[in-house]
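One structure is given here, and the rest of the page talks about it.
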Amino acid sequence: MTAAAEPRRSSVARQRAARPRVGGTVDARTHRRLRAARVGNPLTRVRVLSIAVIATLALFSGRLVYVQAYQGETLAAEALQGRMNTQTIPAVRGEITDADGNVLATSVTRYNVFADQVLIEDWAHTVDGERVGGAAEAARLLAPILEEPEAELAAKLSGSSQYKMLKRDTAPETWDAIKELGISGLFAEQDSRRSYPAGTTGGNLLGFVGAEGHGMAGLEHALDEQLAGVAGSRTFERGLGGHVIPTGIQSTTPAVPGTDVRTTLLMDLQWKAQAAIEAQVEAMNASGGFIVVSDVKTGEIYALADAGSMDPNSPTGFGGSQAISTIFDPGSTAKIVTMAAAIETGVATPTSQYQVPYEYPTSNGQVFKDAHEHGLENWTLTGILAQSSNTGTVMVGEQIPKQVRHDYLTKFGFGERTGIELAGEERGLLADADDWDGRTQYTVLFGQGMAATALQSTNVFATMANGGVRTTPHLVAGTTDEAGTFTPSVQPDPVQVVSPETAHTVLTMMESAVEEGTGGAAMIDGYRVAGKTGTAQIPGPSGKLDAYMASFIGVAPVDDPRLAIGVFLENPTATEYAKFGSVSAAPVFSDVMSFALQQLGVVPSGTSPELYPSTW
């Protein structure tokens, strides 16, 4: 066969043919080549390994140079940042005091004590020559100070946590006692807790501070920005165990204390007013009650008391004063606005004569009645006010144009907030004159068909006693900064509502209401008193107008007016006549006003009343 025709051998056959035959012969060159392939060259291996090592070292060296030359500052800064710790230094909240500087709200320093369990485990001291320590020994020493069982403390101190809370709200003297033990691993965070020394007295006005340190109600809320101050901070470098590195970086930004607030309140008078209204609410089986005491010349509020005031040391609900948030028809106390409008516009004088029936129909068919049935009475304008006659008031008021009636109600502050420094004040309800229906246009003349707060209603009387000048009721006398500088509060300019002559005339007519009319129970020995009773329908528990707000608002002494006090009882039901302000409210007025005049050192009246005739 030719080479082309020779059959192809398998790869295995070709490999076998290439191998040298055992016992065969090969040339020297082939022998050396085969031996080198079998044994390998050690120099080659050394060269390869050397090159690899050099390359690796070069890579690490290059990386090291890069890190040090280009990333060194960045990495060092990151490492430092990881060691830095910043703690907030809370600002001391400003105090709230009454007008005489008595503290009503203050901040007391407290401590939250915690343990580093790792450091506690390593701690030891010598007792009677023996070295003892750890969680058990620390608990033995701490138990009487923290007033906790030793076993429970030992359990809290054992473990691997570096932050285990032991006790919150700890007094400074307690933390001082703990520090004296010298136990490594015990620490404390300084905290601040609000304290109200007067308890429930004035609690409705002060409000309270929440867990986050912000005011949640009352003055604490309304003046939170001034009282809170500005928190500071402390930054320091710490080690792995969490301890401060003495030579490390440290910086402190001091906290700025809050501003102290001095109120206009007189706490003895606040206490008296609150005790009086709470006692009368119980005696008259009323659902609530409030008292307002103000200075007629300045608008300063000396007391603003609610029955059942909250204790801000352990607050429930949202607090706040009902004297500014509860609205109701003012009733007959608003009749003095109608009298002032009639006199100021020339419609009537205090001695104008009227024949007043028990029932009176208006030109549009509305019929009005008095609270008590009576025959045709010959009363003057003064007599109509003194006897609190609805029919007589309508007879006078219908001669005043509707818009003028509305204007005078607005001038005296109805339908708008007084501006007192408390959150939650209501503006009341006073519809536009064009929106009054055929009956409301007359009921507003005797305080129905509108709504007001106790503070608004009382301020009307203060305005009349102040020569017709309306001031802004306020609770804040001023503030004191960190340097001790007192800054008086700035109030809006007073507003002349009616002339001094008209105001004096109405004040004298109001004195007749006490001396000869429905307000006899408000009289005070030695002092001339002017005022007006009120009995207004309000919604009862059923939602219907089947309940009453009994009130009396008055001023004293008439010859030199100093105080205006409003007393309000919500739905008194103890007797058939409890709903009348003359029965439920006037006696409380007399009691509180007597106390206030004596506390302020107001001398008794030196003149006798010169009253206008009530009848003709």
Side-chain angles (χ1 to χ4, degrees), residues 204-205 264-266 269-270 273-274 276-277 288-307 321-337 340 409 411-420 422 425-428 447 450-466 468-475 494-495 497 503 506-507 510 513-514 519 522 529-534 536 549-556 558 561-570 581 584-586 588-593 596-597:
N204 57 318
L205 306 178
T264 60
L265 294 170
L266 298 174
L269 183 52
Q270 175 73 24
Q274 191 167 316
I277 195 63
F290 16 92
I291 293 180
V292 180
V293 183
S294 69
D295 187 305
V296 301
K297 293 180 173 63
T298 65
E300 292 178 331
I301 300 298
Y302 292 147
L304 199 62
D306 294 347
S321 171
Q322 294 190 41
I324 67 165
S325 61
T326 300
I327 61 172
F328 51 89
D329 289 9
S332 294
T333 57
K335 288 175 181 175
I336 68 169
V337 176
L409 289 168
K411 287 180 182 180
F412 277 98
F414 289 113
E416 63 181 44
R417 296 181 180 89
T418 67
I420 194 170
L422 288 174
E425 183 184 15
E426 292 289 341
R427 65 173 62 250
M450 53 184 286
T453 66
L455 181 59
Q456 286 174 321
S457 297
T458 303
N459 203 43
V460 172
F461 284 69
T463 299
M464 210 70 76
N466 193 33
V469 176
R470 179 161 67 98
T471 60
T472 299
H474 59 280
L475 276 167
V495 178
V497 176
V506 175
L507 193 63
M510 289 162 51
V514 174
V529 175
K532 184 70 188 73
T533 56
M549 181 70 77
S551 62
F552 183 90
I553 310 174
V555 300
V558 175
R562 177 69 187 277
L563 297 175
I565 296 182
V567 179
F568 306 83
L569 278 96
E570 195 171 30
S584 291
V588 179
F589 168 90
S590 177
D591 182 27
V592 175
M593 179 64 87
L597 293 172

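Since the model is a prediction, treat every value here as computed from it, not as a measurement.
- Contact annotation: the side chain of N204 never approaches that of F290 to less than 4.5 Å [non-hydrogen atoms, C-beta and beyond].
- Looking only at atom types and distance, the side chain of E425 has a donor-acceptor partner in the side chain of T418 under 3.5 Å away.
- Taking the side-chain contact (heavy atoms from CB on, under 4.5 Å) definition, one finds that A462 meets it with S294, V296, N459, A564, sequence neighbours left out.
- The line from CE of M450 to CD of Q456 is 8.0 Å long, rounded to the nearest 0.5 Å.
- Counting heavy atoms from C-beta on, the side chains of T453 and T458 never come closer than 4.5 Å.
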Trace of the side-chain contact (heavy atoms from CB on, under 4.5 Å) decision for L422 with L304:
CA-CA 11 Å; L422 288 174; L304 199 62; 4.1 Å; yes
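- Shortest non-hydrogen contact noted between T264 and Y302 is O-CD2, 3.4 Å.
- Looking at heavy atoms from C-beta onward, M593 lies out of side-chain contact with V529 at the 4.5 angstrom threshold.
- Shown here are the ring pair (Phe, Tyr, Trp, His ring centres under 6.0 Å) partners of F414, two or more places apart in sequence or in another chain: there are none.
- A pairwise comparison of heavy atoms in N466 and K297 identifies OD1-CA, 3.7 Å as the closest pair.
- The salt bridge (charged side-chain N to carboxylate O under 4.0 Å, His left out) check on E416 picks up R470, with sequence neighbours excluded.
- In this structure V558 satisfies the side-chain contact (heavy atoms from CB on, under 4.5 Å) test together with L507, E511, R528, A530, sequence neighbours excluded.
- The heavy-atom pair separating P494 from V469 by the smallest distance is CB-CG1, 3.4 Å.
- At a threshold of 4.5 Å between non-hydrogen side-chain atoms, the residues T471 and T298 do not count as touching.
- Under the rule for a side-chain contact (heavy atoms from CB on, under 4.5 Å), the partners of D591 that lie at least two apart in sequence or sit in another chain are K272, A276.
- The CG atom of L455 sits 12.0 Å away from the OG1 atom of T326 when rounded to the nearest 0.5 Å.
- In this structure, the side chains of I420 and I324 come closer than 4.5 Å at one or more pairs of heavy atoms.
- E426 contributes atom CD, which lies 6.5 Å from atom CZ of R417 (distance to the nearest 0.5 angstrom).
- In this structure, CD1 on I327 lies 11.0 Å from OG on S457, to the nearest 0.5 angstrom.
- Here the closest non-hydrogen pair linking D306 and I277 is C-CG2, 4.2 Å.
- Residue Q270 holds its CD atom at 10.5 Å from CD1 of I301, rounded to the nearest 0.5 Å.
- Applying the side-chain contact (heavy atoms from CB on, under 4.5 Å) test to S551 and every residue at least two apart in sequence or in another chain returns T333, F568.
- For the pair F589 and A522, the tightest heavy-atom approach, listed with the atom from each and the gap, is CD2-CB, 3.6 Å.
- Between the CG atom in L563 and the CG atom in D295 there is a gap of 6.5 Å [rounded to 0.5 Å].
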CA sep, side-chain torsions, deciding dist, call: V592, V567, side-chain contact (heavy atoms from CB on, under 4.5 Å):
CA-CA 9 Å; V592 175; V567 179; 5.7 Å; no
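- The two residues A536 and P330 have their closest heavy-atom pair at CB-C, 4.1 Å.
- Side-chain contact check for M510 versus F461: some heavy-atom pair is nearer than 4.5 Å.
- V293 is not listed as a side-chain neighbour of L266, based on a closest heavy-atom distance of 4.5 Å or more.
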